[in-house]
Protein chains: 2
Amino acid sequence: MDRQAANCCGARADCSGCEARPLALCGALDPADVMVMSSIAQPRKLAAGRQLFQEGDPADDVFTLTEGMLKLYKLMPDGRRQITGFMVPGDFIGLAYGQNYVYSAEAVTATAACRFKRSALLAKMVEYPELEHRLLSLASNELAAAQAQMLLLGRKSARERLASFLLGIAERRGIAEGEAMPLPMSRGDIADFLGLTIETVSRAFTIMRKERLIALPDKHSVTITDGDALRDAAGD
Amino acid sequence: MDRQAANCCGARADCSGCEARPLALCGALDPADVMVMSSIAQPRKLAAGRQLFQEGDPADDVFTLTEGMLKLYKLMPDGRRQITGFMVPGDFIGLAYGQNYVYSAEAVTATAACRFKRSALLAKMVEYPELEHRLLSLASNELAAAQAQMLLLGRKSARERLASFLLGIAERRGIAEGEAMPLPMSRGDIADFLGLTIETVSRAFTIMRKERLIALPDKHSVTITDGDALRDAAGD
DNA sequence: CGTAATGTTGACTTCAGTCAAAGGATGTGG
DNA sequence: CCACATCCTTTGACTGAAGTCAACATTACG
């Protein structure tokens, strides 16, 4: 895969401790930003299911995801969980907080991330306003995504939620109708992202499969077989 | 009221067309920022129920709210509505977008806002990195609030939603137990913010009133009479 | 002061949740 | 390589919280 081709540290000398992080995966960040940041980066690897940090931990670090997938979530005291987003390579984690993290982050698949001291990032932002500018634009996009998710959670039916979810992933990853799309998270994760139960998610998958809107080659892949009908089912 | 005491333009000469905007209400912005921005500000007044902009409009302007309350919302084609936030003086509106607004903004009460050309704001941000820094911190806070709202919409019961809503407002506005709290929005607005129906909101109000968690002096005021029990009811 | 808009309450319905069981996949150790 | 254990997913039967529909009460406003 060409995702492994380039190292985001480039050939720069100041890349202490920052190993094999594909440049393309630094995503929304400019190559220039990546070089700025690589000087303060520390690599971090996580196996699936391990936590990067927990809600309430002191928020000393921020991260960029370079490989794999992370889920961000909030928990209620009785264990109810709401996943607020699935992060993919290029995404920034830990932007939004004060003293402590306000959500937990856990690896969905094996994951590689770059860790930065929050204080070092702040210093870099003063030095390179362009970096801050790009972080603001990232935060704005996340905010727009959060608002779309609020509409989904507050007003859509189970069927509409699942359809919107699948279309959203396909769009983000640029996957066309008829093409198999990886779905690394479990049904439980999907349920907690969509504000549903596992059973309701499973039933909705089955119904859409029987209606030939989608195909399910296996439990961690989907193919959108009728995009128009799926967009219809999404409600907007 | 001392809210009218100061003008956010201060005594500066370059305050073209920017009338009576109370400094204190520019809220999260520094006095310094306000002066930076006042040179490019245009005032805007809105009666209750009027729209500031609609989803899909070209996003040429950004705003700071100086008086009153705005609701931001998204609509589905069939009219279902999700209110994503109520904005109060000091809040920034229009941060998160590309070419077009991705939500609509409508006045809940009579409202005054400062309008800025997006392009002018961008220019000012280059000139004054501190301004951009503060906008990033505002966006981060909004993102955290959006995540809390996702938990509410995805995982809380009607009762928990209303309790969380009331506690959130009381905290934001620094209103103590036993003190009357203004609730300018309609039951319909509350329902569309909490992902419920008007009837369910009304019933939840009635139940909590009968349980003496709250008092309802009139339809646009609430008093939290038992904060501990209300926090209990909020679920977290 | 009368009319329209907003809010409350009640009766009934429905969609998604709960509980339960069985089917499949994955992995470990004998 | 197979037997067993565990975990995840699917399916079915039933329940319940919130939605819908309808009537009435209250408020706001021209």
Side-chain angles (χ1 to χ4, degrees), chain A residues 47-49 71 76 78-83 108-110 152-165 182-211 214-222 233 235, chain B residues 47-50 71 76 78-83 106 108-110 152-165 182-211 214-222 233 235:
Chain A
K71 58 192 176 203
M76 291 177 65
D78 63 4
R80 279 176 283 174
R81 184 178 68 154
Q82 179 64 41
I83 292 181
V108 173
T109 63
L152 180 149
L153 292 170
R155 289 299 178 217
K156 290 188 182 179
S157 69
R159 177 187 176 76
E160 290 169 332
R161 291 180 200 205
L162 186 60
S164 301
F165 173 66
L183 218 59
M185 68 291 285
S186 70
R187 295 290 188 263
D189 287 343
I190 296 173
D192 283 347
F193 183 58
L194 299 181
L196 300 170
T197 59
I198 293 177
E199 293 92 327
T200 299
V201 168
S202 181
R203 284 187 243 271
F205 266 119
T206 303
I207 292 170
M208 288 183 179
R209 179 175 54 71
K210 287 185 177 161
E211 294 173 339
I214 57 173
L216 299 167
D218 67 277
K219 296 188 193 323
H220 289 288
S221 317
V222 202
Chain B
R50 307 306 298 279
K71 57 192 176 201
M76 292 177 65
D78 63 4
R80 277 176 284 174
R81 184 177 69 154
Q82 180 65 41
I83 292 180
E106 187 181 312
V108 173
T109 64
L152 180 148
L153 293 170
R155 289 297 177 219
K156 291 188 182 179
S157 69
R159 177 186 175 77
E160 289 169 333
R161 292 180 200 205
L162 186 59
S164 302
F165 172 67
L183 220 58
M185 67 292 283
S186 71
R187 296 291 188 261
D189 286 344
I190 296 172
D192 283 348
F193 183 59
L194 299 181
L196 300 169
T197 59
I198 292 176
E199 293 92 327
T200 299
V201 169
S202 180
R203 284 187 245 269
F205 266 120
T206 302
I207 292 169
M208 288 184 179
R209 178 176 53 73
K210 287 185 177 162
E211 293 173 339
I214 58 173
L216 298 166
D218 67 277
K219 304 204 183 315
H220 290 286
S221 316
V222 202

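What's counted below: heavy atoms across the whole structure, side chains too, no hydrogens, waters or symmetry copies. Nothing here was measured: the structure is a model prediction, and the numbers come from that model. So that the names make sense, note that chain A is the first sequence line, chain B the second, and so on, each numbered from 1.
For A:Glu199, taking side-chain heavy atoms from C-beta onward, the closest of the listed nucleotides C:dT9, C:dT18, C:dA16 is C:dT18. Here D:dA18 is the nucleotide among D:dA18, D:dT10, D:dG19 with the atom lying nearest to any side-chain atom of B:Ala158. Closest contact between the side chain of B:Lys219 and the listed nucleotides C:dT18, C:dA16, C:dG7 involves C:dG7.
Counting any heavy atom pair closer than 4.0 Å across all strands shown, A:Gly195 reaches sugar-phosphate atoms only and no base atom. Across all strands shown, A:Ser202 has heavy atoms under 4.0 Å from base atoms, whether or not it also approaches the sugar-phosphate.
The residue among A:Arg161 and B:Val201 whose nearest nucleotide of DNA chain C is located toward the 5' end is B:Val201.
Checking side-chain atoms of B:Gln82 against main-chain N and O of B:Asp192 turns up a donor-acceptor pair under 3.5 Å. Using a distance-only test at 3.5 Å, with no hydrogens or angles considered, no donor-acceptor pair links the side chain of A:Arg159 to the main chain of A:Ala204. Without hydrogens or angle criteria, B:Arg155 side chain to A:Leu196 main chain gives a donor-acceptor distance under 3.5 Å.
As a whole-Å value, the separation of A:Phe205 CZ from C:dG23 C1' is 18 Å. Straight-line distance from the CG atom of B:Asp189 to the P atom of C:dA5: 16 Å, rounded to whole Å. The interatomic distance linking B:Arg155 (CZ) with C:dG17 (P) rounds to 7 Å, in whole Å. Atoms CD1 (B:Ile198) and P (D:dC24) sit 19 Å apart, rounded to a whole Å. B:His220 places its NE2 atom 11 Å from the P atom of D:dT27, with the value rounded to the nearest Å. When the C1' atom of D:dA17 is taken as reference, atom NZ of B:Lys156 falls 17 Å away, rounded to whole Å. To the nearest angstrom, C1' of D:dG19 lies 15 Å from CG of B:Leu194. Distance B:Leu216 CG to C:dT6 P: 19 Å, rounded to the nearest Å.
One N or O donor and one acceptor, one from the side chain of B:Arg203 and one from the base of D:dT20, sit under 3.5 Å apart.
The shortest distance between the side-chain N/O atoms of A:Thr206 and the OP1/OP2 oxygens of D:dT11 is below 4.0 Å. Between B:Thr200 and D:dA18 there is no side-chain N or O to OP1 or OP2 distance below 4.0 Å.
The shortest distance between side-chain heavy atoms of A:Met185 and A:Phe193 does not fall below 4.5 Å.
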Test B:Arg81 against B:Glu106 for salt bridge (charged side-chain N to carboxylate O under 4.0 Å, His left out), laying out the working first. CA-CA 13 Å; B:Arg81 184 177 69 154; B:Glu106 187 181 312; 5.2 Å; no

